[in-house]
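Heads up: the structure comes next, in structure tokens.
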There are 2 protein chains.
Amino acid sequence: MRRSSEDTKASILGAARERFAADGYDRTTIRAIAADAAIDPSMVMRYFGNKEKLFAAAADFDLHLPDLSGVPEDRIGATLAAHFVERWEADEALMVLLRTAVTNEDVAGRMREIFASQLGPLAVKLSGDPATAARRAGLVATQMLGLALCRYVLRLPPVVEMTHQDVVGWLGPTLQRYLVGRDG
Amino acid sequence: MRRSSEDTKASILGAARERFAADGYDRTTIRAIAADAAIDPSMVMRYFGNKEKLFAAAADFDLHLPDLSGVPEDRIGATLAAHFVERWEADEALMVLLRTAVTNEDVAGRMREIFASQLGPLAVKLSGDPATAARRAGLVATQMLGLALCRYVLRLPPVVEMTHQDVVGWLGPTLQRYLVGRDG
DNA sequence: AGTGTAGGCCAACGCCTGTTGACTTCGACA
DNA sequence: TGTCGAAGTCAACAGGCGTTGGCCTACACT
């Protein structure tokens with residue numbers, strides 16, 4: 001039995017996600033992805049056009065921020081911290097983005113857009129202060145992306161060793177203050 | 001007048017630092033560095049052996065953590081936050097490291113070592129608790145590297161727009177809690 | 001059974017990279 | 001003034017990359 005077009009496409013996409021997540025855009029080669037998918041490199045071009053479009057398909061992403069309306073106000077930081085860790089570990093999409101955004105201006109722009117459009121509105125709603133909401137969202141980003149960087153990319157041992165509970169316990173109050181606390 | 005060996009070497013090193021900081025290891029080419037230094041690519045090899053050794057020379061780095069013994073205990077977080085921002089903006093060394101560590105395991109290891117050996121002892125001294133010191137140092141790293149990532153690499157607008165004072169005001173209390181606060 | 005087509009393979013292209021070694025030129029010193 | 005080493009150039013290499021187009025081949029349908 002020969003594979004269907006959709007099967008092959010999915011298999012390429014899966015291999016691409018793994019490679020991009022592990023190595024970033026530049027170090028990932030079409031040839032390596034093709035080898036992982038047990039396919040000829042030219043098939044990758046046939047299905048995705050070129051490397052950039054393949055990356056775009058592999059990095060398609062949504063933060064899936066939870067609805068916080070039912071959460072007690074003093075648990076917002078903790079809830080958000082827990083969500084971020086889970087979202088980060090759920091699949092490789094954020095890893096793909098982060099590993100590439102660092103050396104690719106287009107992808108960095110995409111990351112800016114994701115955080116502005118998904119975290120921004122949340123900050124407006126929670127802080128009730130549109131004037132400082134963007135800054136509050138930015139601060140949350142510094143802490144959460146910093147955690148991701150140290151835990152999943154640089155793998156600093158003390159950060160890797162933290163349990164989900166540890167993360168929530170330490171970072172929750174930080175996010176809480178950034179989002180709904182008084183100005184710094 | 002022909003340039004001296006030292007002049008050329010320094011000029012190559014300067015160009016290398018700029019390129020590595022702006023583009024990361026992979027996207028930086030020996031040829032581009034040589035062009036910036038107005039020199040033939042083969043001179044780079046003559047003086048530094050190969051690309052890896054050139055990178056090692058360009059990424060030589062010290063956090064230069066300040067002596068905090070004269071600082072009032074409740075100002076430690078703010079002092080450290082201010083120091084980090086200034087250190088980061090003083091030269092390109094941290095940028096070189098960060099941009100490359102994300103896709104290069106050796107450099108990531110070097111970053112681990114830098115934070116463990118320079119931030120670790122500080123945490124021991126400040127928290128007075130060797131058992132949790134490593135974790136505290138790790139938490140500080142998540143916040144400071146996250147700030148650097150968002151401010152200098154991803155350039156999230158709200159984070160870029162913060163003044164040094166803003167950074168100290170918001171992140172100071174976070175670092176304070178991570179270093180000398182009660183457990184999370 | 002014959003045939004069209006979609007899925008797949010192969011070989012090659014042009015380009016760019018790090019790296020090498022032979023060659024040239026300048027300047028200090030005898 | 002001649003010479004010798006250091007500073008710098010030049011051209012080429014081998015290998016990897018994204019990408020292309022022509023070819024094959026198994027299957028579904030008539």
Side-chain angles (χ1 to χ4, degrees), chain A residues 1-60 96 99-107, chain B residues 1-60 96 99-107:
Chain A
M1 244 315 250
R2 196 179 274 201
R3 288 193 285 192
S4 81
S5 168
E6 288 307 313
D7 285 353
T8 305
K9 206 169 166 179
S11 145
I12 293 171
L13 204 52
R17 270 195 253 263
E18 280 185 37
R19 285 280 178 176
F20 282 133
D23 303 334
Y25 186 85
D26 291 321
R27 289 177 115 91
T28 296
T29 69
I30 299 276
R31 285 167 153 92
I33 293 171
D36 289 354
I39 218 79
D40 189 87
S42 65
M43 294 301 290
V44 178
M45 312 305 293
R46 172 119 72 202
Y47 285 125
F48 292 93
N50 59 32
K51 190 180 177 182
E52 271 191 38
K53 288 180 191 166
L54 172 60
F55 179 85
D60 194 26
V96 170
R99 271 242 163 78
T100 300
V102 166
T103 45
N104 184 312
E105 181 52 27
D106 286 350
V107 179
Chain B
M1 237 329 239
R2 194 178 276 203
R3 287 192 288 193
S4 80
S5 168
E6 288 308 312
D7 284 354
T8 303
K9 207 170 166 178
S11 145
I12 293 172
L13 204 53
R17 270 195 252 264
E18 279 185 39
R19 286 281 178 176
F20 281 133
D23 303 334
Y25 186 85
D26 291 321
R27 289 177 115 91
T28 296
T29 69
I30 298 276
R31 284 166 153 93
I33 293 170
D36 289 354
I39 219 76
D40 190 87
S42 64
M43 294 300 290
V44 177
M45 311 306 292
R46 172 116 80 200
Y47 286 126
F48 292 93
N50 60 31
K51 191 181 177 182
E52 271 192 39
K53 287 180 191 165
L54 172 61
F55 178 85
D60 194 26
V96 170
R99 271 244 163 77
T100 300
V102 166
T103 46
N104 183 313
E105 182 50 28
D106 286 351
V107 179

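First the proteins, then the strands, lettered A, B, ... as listed; each starts at 1.
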Exercise. Does A:R99 reach the main-chain N or O of A:A22 with its side chain, forming a donor-acceptor pair under 3.5 Å?
Worked result: yes
Exercise. Under 4.5 Å between any side-chain heavy atoms of A:T100 and A:T28, yes or no?
Worked result: no
Exercise. Counting distance only, does the side-chain N/O of B:S11 pair as donor-acceptor with the main-chain N or O of B:D7 below 3.5 Å?
Worked result: no
Problem set entry | Test item: B:V107 and B:F55 side chains (from C-beta on) under 4.5 Å apart, heavy atoms | yes
Seminar exercise, completed: Whether each nucleotide of nucleotides 10-16 of chain C has a protein heavy atom under 4.0 Å at its base (B), only at its sugar-phosphate (S) or at neither (-) is summarised, 5' to 3', as B-B----
For this session: Take the protein atom CD1 of A:I30 and the nucleotide atom P of D:dG18, then report the distance between them rounded to whole Å.
Result: 5 Å
For this session: Compare all side-chain heavy atoms of A:V102 with those of B:T103 and state whether any distance is below 4.5 angstrom.
Result: no
For this session: Examine distances only and state if a side-chain atom of A:R31 and a backbone atom of A:P41 form a donor-acceptor pair shorter than 3.5 Å.
Result: no
For this session: Identify, with sequence neighbours excluded, every residue that meets side chain to side chain contact (heavy atoms under 4.5 Å, CB included) alongside A:E105.
Result: A:A108, A:R112
Exercise. Could you state the CZ-P distance from A:R27 to D:dG16, rounded to the nearest angstrom?
Worked result: 15 Å
For this session: Go through the structure and list residues passing salt bridge (Lys or Arg N to Asp or Glu O under 4.0 Å) with A:R19, not counting sequence neighbours.
Result: A:D23, A:D36
Seminar exercise, completed: The correct set of residues in residues 43-53 of chain A placing a heavy atom under 4.0 Å from DNA chain C is A:M43, A:R46, A:Y47
Problem set entry | Interface with DNA chain D, restricted to residues 4-25 of chain B and to heavy atoms under 4.0 Å | B:S5, B:T8
Problem set entry | Rounded distance (nearest 0.5 Å) linking atom CG of B:L13 with atom OH of B:Y47 | 13.0 Å
Seminar exercise, completed: In short, salt bridge (charged side-chain N to carboxylate O under 4.0 Å, His left out) pairs touching residues 47-57 of chain B with sequence neighbours left out are none
